There are 2 protein chains.
Amino acid sequence: MAMELRRPERTFTIRQLCTEFKATPRALRFYEDKGLLTPARDGMNRVYSYKDRARLILILRGKRVGLSLQEIREILELYDEGDDAMHQNAHSLKKFREKIVVLEQQREDIEGAITELKTACERLETRLAEKRPDLLPKAADYDQMLRARLDGHAEMAMGK
Amino acid sequence: MAMELRRPERTFTIRQLCTEFKATPRALRFYEDKGLLTPARDGMNRVYSYKDRARLILILRGKRVGLSLQEIREILELYDEGDDAMHQNAHSLKKFREKIVVLEQQREDIEGAITELKTACERLETRLAEKRPDLLPKAADYDQMLRARLDGHAEMAMGK
DNA sequence: AATCCCGTTTACGTCAACGTCAAGCGGTGA
DNA sequence: TCACCGCTTGACGTTGACGTAAACGGGATT
């Protein structure tokens, strides 16, 4: 039975995907409205395949890096293949190249922001240590943070 | 005269800052509304100091890495210093730590997205080269792209 | 049969970050 | 003086990505 869950014929309900990826049903239906997902139906109800789930993963990651749903759809359509529109493809190619430039800039920005935040943290920490050491975070807080990170990574691993 | 422009007493009009950073007056006034900027006044008109300009740079970079104006304001208030609120600082410390985690995750996402886009570009390019080589971007296009990137970097250098 | 519970559609609401007018002020050049 | 320019303050509009509420359907359980 547990093995069944791993078989690629497996399907998912909307809620299963929502809880797995911390999304809402509203969001998934919205993505469907916008043409990013097209799950099958069992009567009225949506039935998500493994492929749908893979698309959802791409959607969510696209969002995290700041792509619009429209841009994400273009990428997904590329993977769909099968149609003729080569002009479309030429256009996509150009837009993707532009997006890569933007993302590389973003990566620089983020690295800068990370180091800046870290130095700000150090400043805060030493100042707090001097004047109000009682306000410094306790070991328990760190524990909770670590838990959160591990949870996050567990999901990532499953997603992959 | 040119040297005057470099002296830190220099001030800026709203439009000067806007053209320098490709923002709009509306945006700068909006940031002011939200408490991120507090330029001096000459009669009715806003007069931005070098400090204001520095804050604006931080605001824009914060935006590029996906911080909300609210979050940016917290960071800026930290640099203001001078007040007592150490609890505030303890809170900021916690939030900054969380934000660092988020940003590190974002960096991972972006790196993933970049490689994914690059492979997508390659697929597109080979497919176009096979079937419709006439649609491939010309050397002129690349030239224009390079110009754009160089312009961008020139601004970064000025901003720094 | 009644009650959950999960799912559905339709439609309106919300929030951030501005854009877009409209109307008016203050200086400057012709 | 007049026309123009750039700046100002409201105030309303917009866009993307959903949230929320209403009203309903259909199994499963009680």
Side-chain angles (χ1 to χ4, degrees), chain A residues 10-49 52-53 55-77 95 99 102 106 109, chain B residues 10-49 52-53 55-76 95 99 102 106 109 113:
Chain A
R10 233 214 100 175
T11 61
F12 305 85
T13 74
I14 194 169
R15 192 147 303 273
Q16 283 171 338
L17 290 186
C18 285
T19 59
E20 178 173 3
F21 298 112
K22 289 175 185 166
T24 67
R26 179 69 180 91
L28 297 209
R29 295 188 198 111
F30 185 75
Y31 301 152
E32 187 174 342
D33 258 27
K34 299 294 168 180
L36 283 82
L37 284 175
T38 44
R41 296 290 181 131
D42 172 19
M44 301 229 76
N45 296 1
R46 290 166 173 82
V47 179
Y48 295 87
S49 69
D52 292 323
R53 181 173 168 281
R55 289 172 77 92
L56 179 56
I57 291 175
L58 284 180
I59 293 171
L60 296 178
R61 195 175 77 183
K63 287 198 47 181
R64 288 200 300 272
V65 306
L67 302 184
S68 72
L69 295 185
Q70 168 62 25
E71 292 171 316
I72 295 171
R73 200 181 68 184
E74 290 181 33
I75 297 179
L76 292 177
E77 280 167 0
K95 291 196 60 180
K99 202 73 202 181
V102 171
Q106 269 192 41
D109 286 336
Chain B
R10 234 213 98 178
T11 60
F12 306 84
T13 75
I14 194 169
R15 192 148 303 273
Q16 284 172 337
L17 290 185
C18 285
T19 59
E20 178 173 4
F21 298 112
K22 289 176 184 166
T24 66
R26 179 70 180 89
L28 298 209
R29 294 186 199 112
F30 186 74
Y31 301 151
E32 187 174 342
D33 258 27
K34 299 294 172 181
L36 283 82
L37 284 176
T38 45
R41 295 292 180 127
D42 171 19
M44 303 226 75
N45 296 0
R46 290 168 174 81
V47 178
Y48 294 87
S49 69
D52 293 322
R53 181 173 169 280
R55 290 171 76 93
L56 179 56
I57 292 175
L58 284 179
I59 291 171
L60 296 178
R61 196 175 76 182
K63 287 199 47 183
R64 287 200 301 271
V65 305
L67 301 185
S68 71
L69 295 186
Q70 168 62 25
E71 292 171 315
I72 295 171
R73 201 180 69 183
E74 291 180 31
I75 297 179
L76 290 177
K95 294 197 62 182
K99 202 70 201 182
V102 171
Q106 270 194 39
D109 286 335

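By convention in this document, chain letters (A, B, ...) are assigned in the order of the sequence lines, proteins followed by strands, and residues within each chain are numbered from 1. Predicted, not measured: the structure shown is a model, and the values here were computed from it.
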If you compare all heavy atoms of B:P25 against all heavy atoms of B:C18, which two are closest, and at what distance to 0.1 Å?
N-SG, 3.3 Å
Shortest non-hydrogen contact from B:T11 to B:V47?
CB-CG1, 3.5 Å
Hey, are the side chains of [X] and [Y] touching, using non-hydrogen atoms and a 4.5 Å cut-off?
| X | Y | result |
| --- | --- | --- |
| A:L76 | A:R73 | no |
| A:F30 | A:L36 | no |
| A:E20 | A:R53 | yes |
| A:T13 | A:Y48 | no |

Would you sort out whether B:N45 and B:I14 count as a side-chain contact (heavy atoms from CB on, under 4.5 Å), showing the intermediate values?
CA-CA 9 Å; B:N45 296 0; B:I14 194 169; over 6 Å; no
Which residues pass the salt bridge (Lys or Arg N to Asp or Glu O under 4.0 Å) test with B:K63, sequence neighbours left out?
none
Quick one: list whatever passes side chain to side chain contact (heavy atoms under 4.5 Å, CB included) with [X], sequence neighbours left out.
| X | answer |
| --- | --- |
| B:L67 | B:V65, B:E71, B:I72, B:I75, B:K99 |
| B:S49 | B:K51, B:D52 |
| B:T24 | B:R26, B:A27 |

Measure from CD1 on A:I14 to C1' on D:dC18 and round the result to the nearest Å.
13 Å
How long is the line joining OH of B:Y48 and P of D:dC7, in whole Å?
10 Å
List the steps, then state whether side-chain contact (heavy atoms from CB on, under 4.5 Å) holds for A:F21 with A:I57.
CA-CA 8 Å; A:F21 298 112; A:I57 291 175; 3.6 Å; yes
Within the structure, does a side-chain N or O atom of B:R46 lie under 4.0 Å from either OP1 or OP2 of D:dC7?
no
Any side-chain N or O of B:T13 below 4.0 angstrom from OP1/OP2 of D:dC7?
yes
Note: A:D109-B:R64 ion pair, threshold 4.0 Å (strictly below)
yes
Taking five pairs at each end, how big is the angle between the two axes of the helix from C:dA1-D:dT30 to C:dA30-D:dT1, to 10°?
20°
Of all of residues 27-37 of chain B, which get a heavy atom below 4.0 angstrom from DNA chain C, listed by number?
B:A27, B:F30, B:Y31
Could you give all pairs that pass the side-chain hydrogen bond (donor to acceptor under 3.5 Å, both in side chains) test and reach residues 28-37 of chain B, with sequence neighbours left out?
B:E32-B:R41, B:E32-B:R46
Listed partners of B:Q70 passing side chain to side chain donor-acceptor pair (under 3.5 Å), at least two apart
B:E74
Output a table of nitrogen or oxygen pairs between the protein and nucleotides 13-15 of chain D separated by less than 3.5 Å.
none

Identify each atom pair where a protein N or O and an N or O of nucleotides 25-27 of chain D are less than 3.5 Å apart, giving names and distance.
none

From the 5' end of DNA chain C to its 3' end, which nucleotides mark the outer limits of contact with chain B, defined by a 4.0 Å heavy-atom distance cut-off (strictly under)?
C:dA17 to C:dT20
